[in-house]
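In what follows, a structure is listed as structure tokens, so that the remarks can point back to it.
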Amino acid sequence: MKYSVPANIALNDILPNPEILLMGAGPVPTTPEVKAASAIIFSHLGSTMRTIVERVQTMSRYIFQTETTRILGIAGPASAAMEMAMVSLVWPGRKVLVLNLGTFSNRFGEMARGLGGEVKDLYPQPLSCFKAQDVKDALDKEHFDVITLTHGETSCGIMNVELQEIAKIAKSKGVRVVLDAVVTLSCLPVPMDEWGIDVMFTGGQKGVSAIPGISLIAFGEDVFTEILSRKEIISHWCLDVRRAWKFWGNGEYHYTAPVTGILALHEGLRLICLETLEKRFERHLDSSLNFQTQIEKKGLELYAPKNCRLNSVVAIKTPQGVVAKDLIQTMIKNHHVEISGAFGLDIIRVGQMGEQCRPVNTQRVLHALSDSIERLRK
Ligand SMILES: Cc1ncc(COP(=O)(O)O)c(C=O)c1O
């Protein structure tokens, strides 16, 4: 043999022990129910899977607060769901207005440009979210086919609080509204139909507290019908919603469906339904506000102003005299708690999504943070 067998190293010798508590911007800790479900494999076609898919769609309708039947899972990260939305609605010559708040909202523009769309980026005032009036002015000046927004921009911890109004303005001008609800769905209210969202998606590893690598997307009925009637070939085979609907609508083969991911989603969604959205939103709000108060009591500064602060991923200015990367590593090493750094900004970020919002978890972050800052300042 030209190549020799690599050393046999068991996973147990590699994985962190004790387990690290995931308190960053995702993935988040999961539940025993999700863990058990994601260990099962069975045929992706047939009546059992059909029932599970229908249950995932029914539960998603409640969680997305929508009547649409056009809900699909995707074997891929939330970015794949974003890409499915974009390949469905953008092609050469289509005009896309990107409300650009940071890394993830910017991704919409990257995808739209790759598809030949004519993209215009709108930016808010520094440390602020988009004002409905500014979006209206942009839409008054020029016609767009699609507007994209990120509800919670994870990269800076800012939330688009005027989202409902922005969507209403866009709708009144016949512009399709695509919403990234990746870090907000099931953490805080995002009622798809009431707010007039055409396409909305999330990833399995955030509020749903399932697993990474699986995502969920909902298309309003009328936008879905419009996409079905498109004459052009959709350039992404896996992400062609017309092909994907064969499986999600009719139980037929498209590609081998991510069985474990769909089961994990089922369990994540089921636990949300058991808790109910009202109670879940209350739990998230209480946990995040309490966390923010504790952070300020420690003399640390929150990055985003209160009026547009994202509660599900809290951005904190890197404490003085400390380097963010060192702080994160110290917390992992000494406390087995992981939080996130950032993409360019001098902030650290703590998640408050799904299973992260448990008092025991939040207390562990607060303790690990204080202790690690103290160690590093010595
Ligand atoms: C707001 C937002 N959108 C999109 C994504 C992309 O998700 P994924 O990494 O699963 O593709 C993320 C990831 O953190 C996110 O926070």
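Atoms within each ligand, like the ligands themselves, are counted from 1 in listed order.
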query: Going by distance alone, is a donor N or O of one side chain under 3.5 Å from an acceptor N or O of the other, for E355 and T30?
result: no
message: Check whether R364 reaches the backbone of H336 with its side chain - one donor and one acceptor, N or O, closer than 3.5 Å.
response: yes
task: Could you tell me whether the side chains of Q292 and S288 share a donor-acceptor contact shorter than 3.5 Å?
output: yes
- prompt: Can D140 and K136 be said to form a salt bridge (charged side-chain N to carboxylate O under 4.0 Å, His left out), step by step?
  reply: CA-CA 6 Å; D140 280 344; K136 182 174 182 305; 3.0 Å; yes
Please tabulate, one line per pair, the protein nitrogen or oxygen atoms found under 3.5 angstrom from a nitrogen or oxygen of ligand 1, with distances to 0.1 Å, or say none if there are no such pairs.
| unit_1 | atom_1 | unit_2 | atom_2 | d |
| --- | --- | --- | --- | --- |
| ligand 1 | 3 (N) | D180 | OD2 | 2.5 |
| ligand 1 | 10 (O) | A78 | N | 3.0 |
| ligand 1 | 10 (O) | Q205 | NE2 | 2.8 |
| ligand 1 | 11 (O) | A78 | N | 3.4 |
| ligand 1 | 11 (O) | S79 | N | 2.8 |
| ligand 1 | 11 (O) | S79 | OG | 2.5 |
| ligand 1 | 14 (O) | K206 | NZ | 2.6 |
| ligand 1 | 16 (O) | T154 | OG1 | 2.4 |

Report, one line per pair, each donor and acceptor closer than 3.5 Å where one atom sits in a side chain of residues 267-277; sequence neighbours left out.
| unit_1 | atom_1 | unit_2 | atom_2 | d |
| --- | --- | --- | --- | --- |
| E267 | OE1 | R270 | NE | 3.4 |
| E267 | OE1 | R270 | NH2 | 2.7 |
| E267 | OE2 | R270 | NE | 3.0 |
| E275 | OE1 | R280 | NH1 | 2.8 |
| E275 | OE1 | R283 | NH2 | 3.0 |
| E275 | OE2 | R283 | NE | 2.6 |
| E275 | OE2 | R283 | NH2 | 3.4 |
| T276 | OG1 | K279 | N | 3.4 |

task: Ignoring hydrogens and angles, tell me if any N or O in the side chain of W248 forms a donor-acceptor pair with the backbone of I71 under 3.5 Å.
output: no
